[in-house]
Colleague: 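Have a look at this one.
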Amino acid sequence: MEKKRVYTFGNGSAEGKADMRNLLGGKGANLAEMNLIGVPVPPGFTITTDTCTEYNTLGKDKIIELLKEDVEAAVAHVENLMGTKFGSSENPCLLSVRSGARVSMPGMMDTVLNLGMNDDAVEGLVAKTGNPRFAWDSYRRFVQMFGGVVLGVEAKSKEDHDPFEDIITQAKAKKGVKLDTELDVEDLKQMVADFKAVCKEHTGKEFPNDPWEQLWESISAVFDSWMNPRAIYYRGMHKIPEEWGTAVNVQAMVFGNMGNNSGTGVAFTRNAATGENIFNGEYLLNAQGEDVVAGVRTPQQITLVGSRRWADLQGVSEEERKSKYPSLQEIMPDVYEELNKTQENLENHYRDMQDLEFTIQDGKLWMLQTRNGKRTAAAMVKIAMDLLREGMIDEKQAVLMQEPVKLDELLHPVFDAEALAEAETLAKGLPASPGASTGQVVFFADEAGKYKDSILVRTETSPEDLEGMNVAKGILTTRGGMTSHAAVVARGMGKCCVSGAGAVMIDYKARTMTIKDKEFKEGDWISLNGSTGKVYEGKIATQDPELGGDFAEIMKLADKYRTLLVRTNAETERDAKQAVEFGAEGIGLCRTEHMFFEGERIVRMREMILAEDEAGRRDALRKLLPIQREDFKAVFKAMAGKPVTIRLLDPPLHEFVPHEKENQEAMAEEMGISIEAIQAKVLELHEFNPMLGHRGCRLGNSYPEITEMQSRAIIEAALDLKNEGIEAIPEIMIPLISSKKEFKLQMDIVRSTVEKVFEERGDKIDYLVGTMMEIPRATLIADRIAEFAEFFSFGTNDLTQMGFGYSRDDVGKFLPVYIKKGILKADPFQVLDQDGIGQLVEIGTKRGRATNPKLKVGICGEHGGEPSSVEFCHRLGMDYVSCSPFRVPIARLAAAQAALR
Ligand code: ADP
Ligand code: MG
Ligand code: MG
């Protein structure tokens with residue numbers, strides 16, 4: 001059979017359904033599903049995502065040839081259901097062409113509405129509806145969208161306006177009106193002509209009048225948009241594979257711009273910012289499509305409750321609200337009732353918070369989209385727990401609904417309450433995306449990187465701003481509501497955002513903003529509270545977040561279902577305590593070298609390095625011993641009763657000696673030797689390739705006294721604590737092993753030192769000796785190393801470095817190119833390369849356990865907190881992952897999800 005590329009839907013039936021989102025895209029699959037469950041949806045059809053992939057290899061002409069018959073049949077299907085005719089001048093069928101990938105990519109792909117419009121169709125529509133204003137408004141919208149999306153008309157530079165918007169602004173100014181709804185038929189006719197002229201100037205060709213040409217060009221443009229830079233950037237950010245492709249949805253138009261008995265809106269079945277279980281959303285009367293999100297007019301609230309809350313926030317009186325900004329519930333109670341029922345229906349059906357689009361045409365409600373709504377981390381946690389309590393989902397689903405990396409938002413600081421009380425409120429906008437941010441003002445997205453902490457201030461953001469929004473610490477817009485581009489995107493990113501702060505006046509050319517006569521320049525500090533919508537002057541201190549409530553509940557569930565243990569990488573008491581608060585079950589990596597830098601430590605360390613002979617080194621080490629012991633005690637104490645893996649000295653010694661003359665002089669003075677002696681030593685320690693040089697256990701094998709001192713400090717610390725009634729569980733880890741003998745020699749030193757301490761103290765504790773697996777060779781001879789080693793901890797940072805042969809410190813030079821060219825899918829230092837490096841991990845684990853079935857296995861690289869890598873570790877049957885403290889909750893959730901999948 002010929003491959004099926006087109007799936008129709010309409011009038012309560014559909015060829016697709018919700019679980020076909022891979023093939024039909026999210027939008028297409030849900031349009032089909034809504035038909036199947038009796039929700040009113042305009043008829044249409046979906047061209048599959050596979051066709052997009054074919055398009056990218058076969059090209060436009062070939063694809064049109066392949067699609068022609070099916071698309072013509074599908075258009076006929078729409079015509080039959082609507083009783084209209086595509087291309088007819090008496091009774092025209094108008095269409096929308098919409099993109100829709102597997103996962104929603106807000107604003108990434110553009111939509112063309114009112115397709116099929118031309119000079120004949122518009123007259124037909126005038127005659128049919130008796131509403132010339134509506135017909136011409138639809139026409140001018142079509143030319144504008146087709147011009148922008150398909151023909152590529154855009155602003156000449158970032159300081160310029162969109163040429164179509166310029167024409168609208170001029171038309172309104174000329175007439176002395178504020179709103180586009182105040183323009184009349186003649187104005188709109190002129191606008192269509194002007195818009196077409198802009199298009200002709202841009203392309204050098206007449207604007208296409210033939211509906212079929214319009215349709216094919218639009219379908220191709222949607223496919224093309226999959227490869228536009230914005231889409232590519234978004235995919236990179238969210239790790240969406242290029243192969244997925246986008247579907248194209250073609251659908252009969254329903255019109256929200258037919259007058260004041262029509263309108264359009266977006267709604268959420270629950271609050272996407274806080275998770276509160278309350279239906280909410282925004283609408284505009286006599287408007288079409290993107291008017292609500294584009295901030296063309298101030299949108300109104302759908303529910304009465306929402307409307308009152310909005311008025312409260314905006315300082316609008318009840319009287320003014322009622323007359324100027326009434327809720328849909330008040331002005332169209334019947335339509336509201338139906339919408340409310342539909343939203344309940346959809347949420348019950350999908351068992352998750354839905355983000356809806358609807359249009360009201362002459363008093364009749366049509367649904368145009370439903371999807372699981374994007375939400376903040378706080379909402380993600382609350383909604384899952386609420387749905388669980390409501391019996392809509394079970395515990396496992398609640399865990400699986402979480403996006404682990406998003407939890408990060410909940411773990412970071414909020415404004416310090418006292419500092420906040422003193423701060424001056426400059427303006428108030430809408431609480432579009434919660435959180436606290438402080439930074440320096442920038443006015444252009446591509447300049448967000450200008451300061452370390454920047455706040456992007458715009459009238460409204462657009463998809464081009466995505467990259468800058470990601471870089472900025474917070475986003476402030478002067479127009480647009482809770483569903484504006486800025487708000488939706490910021491929530492998706494977990495970025496603090498205040499939208500629609502109307503009191504802020506921006507002058508892009510002068511690079512200033514004015515708030516109540518006060519002028520702010522680029523670079524000035526402001527602060528935003530995305531949970532209240534307040535904008536403050538200056539910097540405001542922040543404080544740690546609250547980790548109880550639903551967050552604690554969801555973590556409890558994660559712990560219930562995961563089998564993998566989660567440890568942390570920490571060497572200070574502070575980090576260790578923080579990690580325990582986040583649920584760490586031990587330390588997987590305590591790097592001892594970090595303990596050698598501060599205060600007296602570095603002096604003793606240098607003394608040891610500079611010593612002429614073993615006796616001199618031992619002398620210096622004796623002074624380091626008590627310092628190390630105290631450090632270990634502090635860490636053991638913070639981890640009382642939990643295992644602590646301590647890695648013996650790892651970095652090359654040259655990292656500890658001074659390289660600038662000034663510091664060398666200071667050191668010479670401190671040590672009482674000549675600067676020349678210091679310089680000679682520095683030179684001697686110089687290596688061409690220090691990362692592959694004299695480091696790790698190679699140090700311990702050259703200077704066994706270092707291993708001795710460290711082992712002694714560890715065991716003495718543990719025994720001291722035992723006396724205080726605190727249990728310490730040390731696991732001594734020998735770094736950078738590549739041969740069995742290398743490990744054996746170090747282990748022998750550790751064990752004999754420990755025995756000596758036990759004897760001296762007349763007491764004992766349990767401890768382990770193991771190794772870090774970070775050299776590819778070690779993973780291959782893991783069976784032999786495991787004859788002695790009691791645990792393996794995969795150091796996947798070095799393993800990746802040595803396995804790929806990419807210097808970790810230089811990879812930045814070519815990584816972006818490699819990602820762009822598709823040589824690498826992701827940064828292998830962040831996401832474990834399961835195909836290659838993963839094999840080394842697997843081989844090491846299997847071979848190690850073959851000789852030592854009791855071998856404890858964990859991972860302590862950056863990957864230990866990255867969800868896909870955690871899942872990999874779970875599948876390999878590791879005992880634990882270890883990651884930085886702030887990633888511990890993420891790893892706990894990822895481990896639970898891995899266990900449930
Ligand atoms: P996005 O993915 O950017 O939300 P959509 O394809 O959903 O793009 O469409 C953009 C806007 O156009 C939405 O407000 C949507 O409701 C509206 N729209 C799309 N198709 C139709 C249609 N057939 N009739 C009326 N409005 C439509
Ligand atoms: Mg869009
Ligand atoms: Mg949409």
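Owing to the predicted nature of the structure, the values given are computational and were not obtained by experimental measurement. Indexing begins at 1, ligand by ligand and atom by atom, following the structure's order.
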Colleague: Hey, does the side chain of Thr376 reach the backbone of Ala379 with a donor-acceptor pair shorter than 3.5 angstrom?
Modeller: yes
Colleague: Should we count NZ of Lys341 as having more than 12 external heavy atoms under 6.0 Å?
Modeller: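 Incorrect, the count does not exceed 12.
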Colleague: Does Lys68 NZ have over 12 foreign heavy atoms under 6.0 Å away?
Modeller: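 Not buried by this count: 12 neighbours or fewer within 6.0 Å.
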Colleague: Backbone or side chain, does any N or O of Ala252 fall under 3.5 Å from an N or O of ligand 1?
Modeller: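 Yes, Ala252 has an N/O under 3.5 Å of an N/O on ligand 1.
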Colleague: So, is Lys27 polar-close to ligand 1, with some N/O to N/O distance under 3.5 Å?
Modeller: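 Yes, at least one N or O pair falls under 3.5 Å.
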Colleague: Nearest 0.5 Å please: distance from the NZ atom of Lys85 over to the CG atom of Asn80.
Modeller: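 Here the rounded value is 8.5 Å.
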Colleague: If I take every N, O or S atom of Gln369, is at least one of them less than 2.8 Å from the Mg ion (ligand 3)?
Modeller: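 An N, O or S atom of Gln369 is closer than 2.8 Å to the Mg ion (ligand 3), so yes.
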Colleague: Give yes or no for whether the N/O distance cutoff of 3.5 Å, strictly under, is met between Ser96 and ligand 1.
Modeller: yes
Colleague: At under 4.0 Å between heavy atoms, which part of Gln288 makes contact with ligand 1: side chain, backbone, both or neither?
Modeller: neither
Colleague: I want to know if ligand 1 touches Ser99 in the polar sense, i.e. an N/O pair below 3.5 angstrom.
Modeller: no
Colleague: In terms of atom number and element, which parts of ligand 1 are under 4.0 angstrom from non-hydrogen atoms of Leu113?
Modeller: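 Every atom of ligand 1 under 4.0 Å from some heavy atom of Leu113: 12 (O), 18 (N), 19 (C), 20 (N), 21 (C), 27 (C).
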Colleague: Out of Arg371, Lys374, Arg375, Arg270, which residue meets the salt bridge (Lys or Arg N to Asp or Glu O under 4.0 Å) rule with Asp352?
Modeller: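 Filter result, single survivor: Arg375.
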Colleague: Below 4.0 angstrom from a heavy atom of Gln369, which ligand 1 atoms are there? Numbered from 1 as shown, please.
Modeller: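 Counting atoms of ligand 1 from 1, those under 4.0 Å from Gln369 are 4 (O), 7 (O).
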Colleague: Are there over 12 heavy-atom neighbours, none belonging to His161, within less than 6.0 Å of that residue's NE2?
Modeller: no
Colleague: Any idea which part of Thr111 is under 4.0 Å from ligand 1, heavy-atom wise: side chain, backbone, both or neither?
Modeller: side chain
Colleague: Of all N, O or S atoms in Glu357, identify the one at the shortest distance from the Mg ion (ligand 3).
Modeller: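 Sorting the N, O and S atoms of Glu357 by distance to the Mg ion (ligand 3) puts OE2 first.
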Colleague: Any N or O on Gly289 sitting closer than 3.5 Å to an N or O of ligand 1?
Modeller: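 Such a contact does occur with ligand 1.
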Colleague: Please evaluate residues Arg98 and Leu368 with respect to the criterion side-chain contact (heavy atoms from CB on, under 4.5 Å), reporting the C-alpha separation (whole Å), side-chain torsions for both, the decisive distance (0.1 Å), and the verdict.
Modeller: CA-CA 11 Å; Arg98 326 168 63 185; Leu368 289 164; 4.2 Å; yes
Colleague: For Val254, is at least one N or O under 3.5 Å away from an N or O on ligand 1?
Modeller: yes
Colleague: What distance separates Phe134 CZ from Ser262 OG, expressed to the nearest 0.5 Å?
Modeller: 8.0 Å
